[in-house]
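Read through the structure below, which is laid out as structure tokens, and then see the notes.
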There are 2 protein chains.
Amino acid sequence: MKFSHDPKLKRVPGLSEQVTDFLVSEIEMGSYKSGEVLPSEAKLSARFEVSRTVIREALARLKYDGLIESRQGSKCRVVESTAKRVFRLDKLEDRDSNEIGYLYEFRAILESESAFLAAKRRSKKDIARLDRCVEALNQATQKGIDGTTENVNFHMAVVDASGNPFLSDFMHFLSGKIWALVQADRDHSKQKGLPPEVQQEHVAIFEAISTGNQNKAREAVLTHLKNAAERRGINILNFDRFFC
Amino acid sequence: MKFSHDPKLKRVPGLSEQVTDFLVSEIEMGSYKSGEVLPSEAKLSARFEVSRTVIREALARLKYDGLIESRQGSKCRVVESTAKRVFRLDKLEDRDSNEIGYLYEFRAILESESAFLAAKRRSKKDIARLDRCVEALNQATQKGIDGTTENVNFHMAVVDASGNPFLSDFMHFLSGKIWALVQADRDHSKQKGLPPEVQQEHVAIFEAISTGNQNKAREAVLTHLKNAAERRGINILNFDRFFC
DNA sequence: GTTATAATGTTGTATGTCAAGTTAAATGTC
DNA sequence: GACATTTAACTTGACATACAACATTATAAC
């Protein structure tokens, strides 16, 4: 049996990765506070019993994230946490159901407001793209195939139609994480194909956006995500805010 | 004159940083598409005319961001953009006023919904913290000092009171970027101290959250951010959506 | 005490080496 | 010729050493 081309092969974490994670947790735990200096590369090399190369690759990662700062000649300094250059969303799979509920709430806020804005700003190209997405979802529903890709495409078409590049970029990032999360426990559910009621929800969103009904677009998204969370057994928290 | 301890010294970008930026832009431009392999470290080393050490440190950064993937023995692969591990918000200072307007809109969505949730979920500790923040802003207003720190603290107390850790974490990240942006052109305005009307807006937000009036909390934040954007001459886009 | 100088420490970069793993070519087999 | 096996070449991971550029600290001079 050959594994040469299988991309799902377990990637063994290298030494620099391990050192990186360790240093990150130490900084986040407060072992090294803002403004303080880290031990020299030589000291870290001795402490972790790895070569300086490994240490440097780990530190390069931290520098890129803006966690530490360095200048030739003097030791690395830990920068204030407000100056972080990236937003990271790791270890999502081993968070409890409660936290995932918060993630869906977060997503619901962004996507519903995106739809609200999209109903106002959507261009003809946006509507055409949304139309294609709905059609693709239709075919997926009829054929009974998975349709996850088409689903994601539709949701991304909505946020892109909002016209806000930050909203758009961030939701692309977030949906990647959520998608990976969904795929992770798709083995459990074993459900094939999209239920027809899901597609009805999609159509409702599309109609509201294309006709320019902002409030209806927002509520259609909220309804859809509320149902989606329920279908996945996620502990939703505050979705009923607009329905009381 | 000595600069030894001055942290504002211009940090000269190292070779690995330059290589990193170049490779990132090449991947984003599409020179290396998803699933394709990068040239070997030796080839890259020859191409950029730097040592393999530099290349490895640059690649370590890309791996950490989830832009590429590597396994011992085979070349690095570019991963699908949906699998990116981080959300980055760089080069914010050289975006035009229009885009900054979108940034404020993005922020307004998150902060107004945070306030909406905070008005429902705020604990006694949250209210106490908000109270301390308002008091600190009061004193800053009276003393006529800058008050930027107190301002940021208040806004973060609001999002923390929302109880949603994702919302909270992300807004901490985002406010760091916005704060840096504000500080960048604070030299232009030369305004000292907070105007009294700003503090009134803060108090309105606090009152709405502490009394549990969700809708009022959300609109108070929107009003505040709308005015804040106007005061800073930012081209706001859609803030009047709730006022028509 | 202050200032100039030397010594030391630290990061940035380059080079070489080897091990472990993958890929591609050569070879053998039917 | 098609297929499987072995071999060779290539690639990443990690280590060690060396040196330049810069910063810090200790020392010496005044």
Side-chain angles (χ1 to χ4, degrees), chain A residues 1-23 27 32 35-79, chain B residues 1-23 27 32 35-79:
Chain A
M1 190 166 181
K2 299 186 82 173
F3 287 101
S4 321
H5 285 286
D6 193 343
K8 285 183 284 296
L9 261 180
K10 177 77 76 178
R11 236 180 42 76
V12 40
L15 290 180
S16 61
E17 267 183 87
Q18 297 176 43
V19 172
T20 304
D21 291 343
F22 197 91
L23 288 174
I27 290 175
Y32 302 111
E36 287 184 5
V37 294
L38 254 53
S40 71
E41 293 174 356
K43 297 268 175 63
L44 290 172
S45 172
R47 177 179 160 200
F48 291 112
E49 293 177 298
V50 295
S51 72
R52 207 188 136 201
T53 308
V54 172
I55 298 293
R56 280 194 61 81
E57 283 176 16
L59 293 178
R61 290 170 156 97
L62 302 195
K63 291 173 202 169
Y64 194 43
D65 271 18
L67 243 64
I68 64 174
E69 212 172 29
S70 71
R71 288 209 317 278
Q72 188 171 356
S74 63
K75 300 180 184 177
C76 290
R77 290 195 124 75
V78 180
V79 307
Chain B
M1 188 165 183
K2 299 186 78 175
F3 287 100
S4 321
H5 286 286
D6 193 342
K8 284 184 285 294
L9 263 179
K10 178 76 75 178
R11 236 180 44 75
V12 41
L15 291 179
S16 61
E17 269 182 85
Q18 298 176 43
V19 172
T20 304
D21 290 344
F22 197 90
L23 287 175
I27 290 175
Y32 302 111
E36 287 183 7
V37 295
L38 255 52
S40 71
E41 293 174 357
K43 296 267 175 60
L44 290 172
S45 172
R47 176 179 161 198
F48 291 113
E49 291 177 302
V50 295
S51 72
R52 206 189 137 201
T53 309
V54 171
I55 298 293
R56 281 194 60 82
E57 284 175 17
L59 294 179
R61 290 170 156 97
L62 301 195
K63 291 173 201 168
Y64 194 43
D65 271 17
L67 242 66
I68 64 173
E69 212 173 29
S70 71
R71 288 208 319 276
Q72 188 170 355
S74 65
K75 298 180 184 178
C76 291
R77 290 195 125 75
V78 180
V79 306

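Below, chains carry the letters A, B, ... as their sequence lines are ordered, and counting in each starts from 1. Scope of the values below: all heavy atoms of this structure, side chains included, with no hydrogens, waters or symmetry mates.
Legend: ring-ring contact (aromatic ring centres under 6.0 Å, His included) pairs involving residues 50-73 of chain B, not counting sequence neighbours: none detected. Residue pairs that meet the ring-ring contact (aromatic ring centres under 6.0 Å, His included) test with at least one member in residues 36-57 of chain A, sequence neighbours left out, are A:Phe22-A:Phe48.
The CZ-P distance, from A:Phe48 to D:dC15, rounds to 13 Å in whole Å. A straight line from CD1 of B:Ile55 to P of D:dA14 spans 18 Å, rounded to a whole angstrom.
Scored by the side-chain contact (heavy atoms from CB on, under 4.5 Å) test, B:Glu17 finds B:Arg11, B:Pro13, B:Arg61 as partners (sequence neighbours excluded). Remark: B:Thr53 pairs with B:Ser51, B:Glu57 by the side-chain contact (heavy atoms from CB on, under 4.5 Å) rule, at least two apart or across chains. A:Arg47 pairs by the side chain to side chain donor-acceptor pair (under 3.5 Å) definition with A:Glu26, A:Tyr32, not counting sequence neighbours.
Across its full length, the helix from C:dG1-D:dC30 to C:dC30-D:dG1 shows an angle of 10° between the axes of its 5 terminal pairs at either end, rounded to 10 degrees.
Side chains of B:Val78 and B:Leu67 form no contact here, defined as non-hydrogen atoms less than 4.5 Å apart. In this structure, the side chains of A:Asp65 and B:Asp65 come closer than 4.5 Å at one or more pairs of heavy atoms.
Going from atom CD of A:Glu36 over to atom CD1 of A:Ile27 covers 10.5 Å, rounded to the nearest 0.5 Å.
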5' to 3', nucleotides 5-15 of chain C under a 4.0 Å protein heavy-atom cut-off (B base, S sugar-phosphate only, - none) gives ----BBBBBBB
